[in-house]
Amino acid sequence: MAEQENNSAKAVTSTEAVVEMTHVKKSFGTNDVLKDINLKLLKGENLVVLGKSGSGKSVLIKCLIGLLQPDEGTINVLGQIVEDLKNEELNALRKKVGFLFQSGALYDSMSVRENLEFPLRDSKDLSQEEKTGLVEEALANVGLSEAIDKTPAELSGGMRKRLGLARTLILKPEIMLYDEPTTGLDPVTSREISELILEVQKKYNTSSIIITHDMPCARITANRIIVFKEGVAFAEGTFEELSKSEDEFVSEFFEQ
Amino acid sequence: MSEQTNTGTVEQKKADTTTEVKESVKITAGLSKFFEQVADFSIFMGRYFRELIRPPYEINEILKQCYLVGYKSLGLVGITGFIMGLVLTLQSQPTLAEFGAEAWLPNMVAVSIVREIGPVITALICAGKVGSGIGAELASMKVTEQIDAMEVSGTNPFKYIVVSRVIATTLMIPVLVVLSNALAFIGAYIGVNITSDVSFPLFFAKVFEALKFSDVLPAFIKTFFFGFAIGIISCYKGYNSNKGTEGVGLAANAAVVTASLIIFILDMLAVQVTNTILN
């Protein structure tokens with residue numbers, strides 16, 4: 001129990017919002033995926049978004065980073081309105097926001113070293129030695145130092161997720177977006193990844209949005225949880241508050 | 001009885017009309033989809049030219065793609081070229097011998113290979129090897145969110161992936177065609193010497209005697225267009241793939257089929273344009 005408490009997210013005291021979504025709507029054809037979403041992510045906070053498949057969770061974070069355009073509403077990230085940004089400004093903002101994809105999205109044609117160096121290719125002020133140093137540091141942070149010259153195909157599912165995380169952390173982002181970080185992993189590796197997310201929050205003081213179905217991951221990482229139902233934020237609270245909810249839909253998640 | 005026949009005819013007419021309407025709706029939908037794709041492809045090509053001239057330039061990636069497209073295709077293109085020359089010679093020899101025109105064999109082979117067979121066959125082989133590879137690779141990158149990952153890391157994936165590959169195919173296909181033609185001449189020389197005895201200098205003197213500047217230049221220029229077509233079509237099919245893992249196979253297939261068809265169309269246009277200019 002004591003170990004569980006050590007490995008759980010602490011309460012956030014900051015009131016400064018680093019992400020603010022206001023009345024965001026997104027449809028694909030006749031399918032309304034996001035219906036009037038209002039959401040705030042506070043500085044240093046881990047916000048977990050729970051919801052069934054197809055409830056719009058991944059669409060939410062893709063809108064946030066500008067991979068998808070919302071039909072209505074505004075998205076403010078680090079004081080900038082995403083829809084108003086020009087390409088160069090959006091690219092600059094994206095360097096401050098890390099995105100861990102569900103599949104890891106590693107570049108298959110590159111080695112682990114090249115995967116990690118890729119986000120640094122525009123950093124003209126860094127020498128090759130400095131880049132190598134950053135790569136080695138990022139790999140050490142996720143416990144993958146020995147895999148530096150391997151290719152992604154030679155890595156296990158958990159290692160690929162950790163490598164994906166190392167690649168996003170190399171730019172030292174202020175905000176991290178995790179799209180189902182523990183999907184497809186065994187319980188032990190899932191726990192390792194969840195603890196790594198918590199470690200990243202503490203070490204880099206990042207604010208994170210974590211999309212997941214995995215309740216142990218939510219319990220370990222969440223400062224606050226939002227439950228999505230059919231494109232709307234249906235319930236909100238801490239893990240403890242929501243686990244006591246009497247709502248049938250919410251309690252279904254916590255019965256796992 | 002007559003009333004029943006009339007009712008039957010009316011119903012038959014109604015059914016025919018419904019079928020006709022359904023058919024016309026299908027044709028309209030098909031045409032509309034075709035024009036949508038043409039418009040979409042035009043936008044894609046427009047973006048290619050915009051990104052091509054806009055810095056930064058991905059020199060390392062372009063060189064890497066040139067190596068993959070050019071060097072990695074040398075073996076296949078070389079063997080095909082050699083066999084092409086050998087077979088063409090062996091097939092033509094009996095017919096030319098019948099007319100007592102065997103001495104013209106090197107001239108005929110040279111013109112056929114340089115003007116038509118070399119560029120078209122090499123381009124078709126590259127459409128199969130390089131085009132399917134690019135189509136499948138890009139579609140797979142899309143499915144596994146690698147393209148999105150590039151975008152969120154602040155890199156322009158279109159420039160990095162598409163522009164570099166199209167430049168590589170545009171520059172490397174002409175080089176491969178030249179190599180293929182050279183090996184086709186060697187194949188033709190061996191073919192001629194299977195049945196008769198022609199010296200190496202004499203054979204090549206006849207080959208180069210037959211070739212005019214107006215044979216070589218238009219044929220060489222069209223290979224750049226073939227290379228561009230292979231690159232841009234394969235990238236378009238792969239980059240816009242959207243059916244998950246199934247889409248990877250579909251993109252590879254569509255890249256080869258469309259690029260091959262476009263190569264024939266471009267070849268036809270090139271012949272028309274060349275003839276118009278030369279006449």
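Letters go in sequence order (proteins before strands), and every chain restarts at 1.
No other option in A:Ile65, A:Asp108, A:Leu171 has as many heavy-atom pairs under 4.5 Å with chain B as A:Asp108. Looking only at heavy-atom pairs under 4.5 Å with chain B, the residue among A:Asp122, A:Val97, A:Leu106 that has the most is A:Leu106. In terms of non-hydrogen atom pairs under 4.5 Å with chain B, the most contact-rich of A:Gln102, A:Arg121, A:Arg167 is A:Arg121.
Heavy atoms from other residues, nucleotides or ligands lying under 6.0 Å from NZ of A:Lys40 number 12 at most. Environment of CZ in A:Phe28: crowded, with over 12 heavy atoms of neighbouring residues, nucleotides or ligands closer than 6.0 Å. Residue-environment remark: NZ (B:Lys72) stays at or below the threshold of 12 foreign heavy atoms within 6.0 Å. Counting non-hydrogen atoms of neighbouring residues, nucleotides and ligands closer than 6.0 angstrom, the OH atom of B:Tyr57 exceeds 12 such neighbours. Around CZ of B:Phe264, the count of heavy atoms belonging to other residues, nucleotides or ligands within 6.0 Å does not exceed 12.
With a 4.5 Å cut-off on non-hydrogen atoms, A:Asn87 does not touch chain B at all. Only the side chain of B:Lys64 comes within contact range of chain A, with heavy atoms under 4.5 Å apart. Interface remark: A:Leu100 contributes no atoms to any contact with chain B (heavy atom separation under 4.5 Å).
Summarising the geometry, atom CG belonging to A:Leu67 is positioned 5.5 Å from atom CD belonging to B:Glu151; distances are rounded to the nearest 0.5 Å. For the atom pair CD of A:Glu88 and CG of B:Asn156, the computed distance is 9.5 Å after rounding to the nearest 0.5 Å.
In this structure the side chain of B:Val152 reaches within 4.5 angstrom of the side chain of A:Phe101, judged on heavy atoms.
B:Ser153 places no side-chain N or O within donor-acceptor distance of the main-chain N or O of A:Pro119, the cut-off being under 3.5 Å.
Under a 4.0 Å N-O distance rule, the pair A:Lys62/B:Glu145 qualifies as a salt bridge.
For A:Tyr107 and B:Tyr160, the distance between ring centers is not under 6.0 angstrom.
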